[in-house]
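Reading through the structure tokens given below for one structure.
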Amino acid sequence: MSPVYFLLVDDLPENLLSLEALLRRDGLVLLKARSGDEALELLLKHDVALALVDVQMPGLDGFELAELMRGNDRTRRIPIVFVTAGSADSQRRFRGYEAGAVDFIQKPIEPDILRSKAYVFFELYRQRQQLAAQRDELLAQAEALKDADRRKDEFLATLAHELRNPLAPLRQGLDTLRRNPDDERASAIRDMMDRQVVHLVRLIDDLLDVSRVSEGKITLRRETIEVADIVRAAVEASRPLIEAAGHSLAIDMPSQPIWLDADSMRMAQIVGNLLNNAAKYTPKGGRIRLSARAEGAAAVIEVSDNGIGIPPEMQSRVFQLFAQVDSRPDRPQAGLGIGLALVRQLVTLHDGTVEVHSAGAGKGSVFTIRLPLAAGPGQAPGPQEAASEQMPSRSLKVLVVDDNPEVAQTMAWLLEAIGHDHRLVHDGRKALEAAREYRPDVTLLDIGLPGMDGYAVCRAFRQDELFKSLPIIALTGLGQSQDKASSSEAGFDHHLTKPVSLADLEKLLASVGS
Ligand code: ADP
């Protein structure tokens, strides 16, 4: 806290010294003036909590000084205590009060009286300072709240806009197919709808992830992995976007493997996000480069593009949640402004750093990730596991339990399409009965069911001798790690988050059926 100032005014230096000796304390600065003029000068420079003024001075006397102080806005409110020689008569006192005195002290000064009176003013001033500090803090908080509120409103507007964006082509694609199912463009339309759904799912996943990381709910599944595998997975996911924009992608990997102790899915998500951004923020036909190298004790992964670049003042802000260089709703690129915030959170979880460099607008961008290198596994990794996707899968009897008839029905169509048989049940309480009759090879069980939820249904299955070891797969909108923990506790064998991709479903059913 800043110091408190007292002003001592007396024409005799020895009086000033003795006042100073009496009043000295921590946090108090004593300003000394030997005349009214000197006092006025000091008052211009400092905020003073108390003026102790000798009445009798040559030139400007104490009362005249007080009157001048009253006439000035800056000094009007400063409390003045007059120091008088002997007892002042009542007329003089009256003039003193009129000039603005709050008190009188008589010479010879009683040290205790002077100190206790001065202490009151010291404390009052301190309290005023504290109140002012609290007020400033409250104002700052109010400002921050207003700012957060504004960003939230902007975010909701962006969210609505971004969620609606993929819906328009989906709606139009559907209507076109309905009018003319044999439209020669049908396959192109379906591909387009596929991309839009992937985009929607991605938006929602990012949204959930950001809030989970902020709440500390994401735990990494770390393992010793090779950067090349991360790059492969990320490129696979981003390739459609890169190709749709006609960009070229150069991948530059060292011949030696680079090992990390990291969560492979999250790492692919990080690199994929950077690749997607490079594709989005580069005009058609651009060049994107993805490279990795070991540098000292760090693995460095870099994604660069020759796109629209980022102005210098925005480079430190793009990693903030909801930050966008161009946030006009009609800007050409889609996004919620959370991708890079998520990238930074996930990289930090991995004890790494991410930074951006761009020479400015129009000059392209380079995103650089640095992560601690890990020692590779003791021996060279064995041959890649046999391509499990091509495993021939036998036809399975699948019991589907979902209260949403449309979800259940479309799942049934999918199952048919990949050669499995199915039975649909929309009520958890009827699941067991249906299973006794149908004898499924595997059950796809929704968790959020009315009446009897999926956990309870699963426990009931496990208590039945017939279904002790029936593979049961949780199929749910709840994809958080604690949900996965609760489902495995209830007896589920696997946990799939809706919407499930056909590839994931096929793979899982193949492994269950083998
Ligand atoms: P979104 O892409 O959804 O807007 P991000 O968090 O991924 O959100 O990115 C934040 C902002 O950073 C983007 O809106 C864009 O302005 C800028 N940005 C990100 N990547 C690039 C890039 N490769 N080139 C230029 N600008 C970028």
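Hydrogens, waters and symmetry mates play no part in the numbers below; they use all other heavy atoms, side chains included. One-based numbering along the sequence shown. These numbers were taken from a predicted model, which means no experiment stands behind them. Both counts, for ligands and for their atoms, begin at 1 and track the order of listing.
Taking a cutoff of 4.0 Å between a charged side-chain nitrogen and a carboxylate oxygen, Asp402 and Lys498 qualify as a salt bridge. For Arg436 and Asp464, the salt-bridge test passes: some basic side-chain N is under 4.0 Å from an acidic carboxylate O. For Asp453 and Arg459, the salt-bridge test fails: no basic side-chain N is under 4.0 Å from an acidic carboxylate O.
Note on ligand 1: Gly307 sits outside its first shell, no heavy atom being nearer than 4.0 Å. Look at Met314 and you'll find every heavy atom at least 4.0 Å from all atoms of ligand 1. Within the structure, the closest approach of Phe319 to ligand 1 does not fall below 4.0 Å when heavy atoms are considered.
Every atom of ligand 1 with a heavy atom of Lys280 under 4.0 Å away is listed here by number and element: 1 (P), 2 (O), 3 (O).
Closest heavy-atom approach to atom 8 (O) of ligand 1 among the candidates Gly362, Gly364, Gly337: Gly337. If you check each of Leu340, Ile308, Leu274, Thr282 against atom 6 (O) of ligand 1, the one with the closest non-hydrogen atom is Leu340.
For Ala341, no nitrogen or oxygen atom sits less than 3.5 Å from a nitrogen or oxygen atom of ligand 1, counting backbone and side chain alike.
In this structure, Phe319 and Phe367 have perpendicular ring planes: the angle between them is above 60°, well past the 30° mark.
Looking at Leu274 and Ile369, their side chains come closer than 4.5 Å, going by heavy atoms from C-beta outward.
For Ile338, every heavy-atom contact with ligand 1 shorter than 4.0 Å involves the backbone, none the side chain.
Environment of NZ in Lys146: sparse, with no more than 12 heavy atoms of neighbouring residues, nucleotides or ligands closer than 6.0 Å.
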